[in-house]
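Everything below concerns the one structure shown next.
All ligand and atom numbering here is 1-based and tracks the order in the structure. Values in this document were obtained by computation on a predicted structure and should not be read as measured data.
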Amino acid sequence: MNNDRIVIFDTTLRDGEQCPGASMNLKEKMSVAHQLSRLGVDVIEAGFPVISDGDFAAVHQIASEVENSKIAGLARCVAKDIEAAGKAVAPAGVRGRIHVFLATSRIHREHKLGKAQDQIIKLAAEGVAQARTMVEDVEFSPEDASRTEPDFLVDVCRAAIDAGATTLNIPDTVGFAIPDQYFRLIKHLYDNIVEFQTGKALISVHCHNDLGLAVANSLAAISAGARQIECTVNGIGERAGNAALEEIVMALKTRQDYFGQYKLGIHSREIVKTSRLVARMSGLSVQRSKAIVGENAFAHSSGIHQDGILKKRETYEIIDPEEVGWGLTELPLTKHSGRAAVSSRLKHLGYKVSEDDLAAVFSRFKEVGDKKKFVYDDDLAALVEGHLTVVPETWKLEYLHVTSGTATIPTATVRISKLDSDKKSVQSFQDAGVGDGPVDAALKAIDRLTKVRGKLLNYNIRAVSQGKDALGEVNIQADFGDGKLIPGRGAGTDIVEASARAYLNAVNRHLYNARQAKQKVTDTAQ
Ligand code: KIV
Ligand code: ZN
């Protein structure tokens, strides 16, 4: 094998976003897409355009704005899907890719599709051929490939290549594969399809983590001839997630002695920054002990280890933390920092904010700067996030006062203002609520004021940065009576205030979704 370039195909914005509770709005997706391009991923799978107008718009805007990476749109083997994907990626020109998929395993053929093998082959070839009328670059995925009969898989791949696909992705859709077995499947395809040997077509792999083997399976596939790895930042994705980009990249870089010297386009120093951005934008926080990007990944607590590290870092560290972007934070900002400093730090952190958003973030920054000596990068990220996730703000928190204690009934007085579409306050409303605790009391007061009744289903709080004056960041999920889980985020030096902000964020999101749905019904009726 002479091709030593590994293509990194990132599907954070498609498979990652499919993860329950992870859905991102357009601004959030744009920030992530720009950062993925800075990270150096070769292909960004930006979404599944036919699924919704929002998905189409996101793929289209990413294809219009994001430079360097190829932009892919997913499509079932269905004409309207392929058409939508082709239109959505069109602004990327030659960097546009359509990714067509069709299930091939016996269980999917018989129980999901009701199709025989020859029908599947025909459909796959037709889908790829249709996609080729719209773009040069077509990828085909036989869904549930790892549970498909290997010889049938060879036939499907051949048909897709003959129809014009140049990337053949072999998904382990349900995370069923075992590294040695997956190696043999990929090798079987490589040995039996001449286009893989000549480099005319490329084998890709897409592994899910149901057995915790997604990264191991992806690496085994490289040894068998795969040259594209599909993965997500922080390993987010359907169910137990996808192979984690950061783990794949760092395994290949760190163990060149084992894998050989593969070429990658990834700028590894951007990894931690990208991980944090994705965690914030998706609302899925990273577990502390997560490899490479978890807060404990390079923390040494035992005395023996600390002693070893001080004598020679490599005694207990296989990666220099700076190589993946740890320890590269800049001096914290203070209340004296100006708008330009805040704007440039936001850019450095990967956020793309409009002038309006910057004005709002800067005013929150000043409020927080008055209460806190230093505003760290993570504090700033928590503040900006509140604005990127507002869609748009209908209600805005103006004032909050709580009384609570062991011998008193927790009570909250809340004043909120209703904003018009120019974000100018039109009217203020004030009310009070009592509850089981100060947070409950504040949320009840908000319910009375907004006349929206939410059920709090998940509530998470964490300190964003260091010190006793650290910002508290609250992430919640609420159900407003339609069975949908609506996320909300908020930050503040006071945790009751952060909770109220997070709840209002969810209320605003819920109201925005309802307006959008109503608009859609009106448009369709006209
Ligand atoms: O897991 C899977 O099979 C997929 C395909 C659409 C590639 O996500
Ligand atoms: Zn998948």
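- For the 3.5 Å distance criterion, the side chains of Thr232 and Asn242 fail to qualify, holding no donor opposite an acceptor.
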Return all side-chain donor-acceptor pairs below 3.5 angstrom for residues 152-167, not counting sequence neighbours, or 'none' if the list is empty.
residue : atom : partner : partner atom : Å
Arg158  : NH2  : Asn192  : O            : 2.7

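- Side chains of Asn169 and Glu230: a donor on one and an acceptor on the other come within 3.5 Å.
- Using bins of under 30°, 30° to 60° and over 60° for the plane-to-plane angle, the ring pair Phe480/Tyr503 lands in the tilted bin.
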Which pairs of N or O atoms, one from ligand 1 and one from the protein, are separated by less than 3.5 Å, and what is the distance for each pair?
residue  : atom  : partner : partner atom : Å
ligand 1 : 1 (O) : His206  : NE2          : 3.1
ligand 1 : 1 (O) : His208  : NE2          : 3.0
ligand 1 : 3 (O) : Thr173  : OG1          : 2.6
ligand 1 : 8 (O) : Arg14   : NH1          : 3.4
ligand 1 : 8 (O) : Arg14   : NH2          : 2.9
ligand 1 : 8 (O) : Asp15   : OD2          : 3.1
ligand 1 : 8 (O) : His206  : NE2          : 3.1

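- Defined by atom type and a distance below 3.5 Å, a donor-acceptor pair is missing between the side-chain atoms of His206 and Thr11.
- Judged by distance alone, the side chains of Asp144 and Thr173 never bring a donor and an acceptor atom under 3.5 Å apart.
- With a cut-off of 2.8 Å, the protein N/O/S atoms near the Zn ion (ligand 2) add up to 3.
- Under the ring-ring contact (aromatic ring centres under 6.0 Å, His included) criterion, no residue pair touches residues 232-281, with sequence neighbours excluded.
- Checked by atom type, the side-chain pair Tyr459/Ser499 shows a donor-acceptor distance below 3.5 Å.
- In the model, Glu143 has no side-chain atom that pairs as donor or acceptor with a side-chain atom of Ser141 under 3.5 Å.
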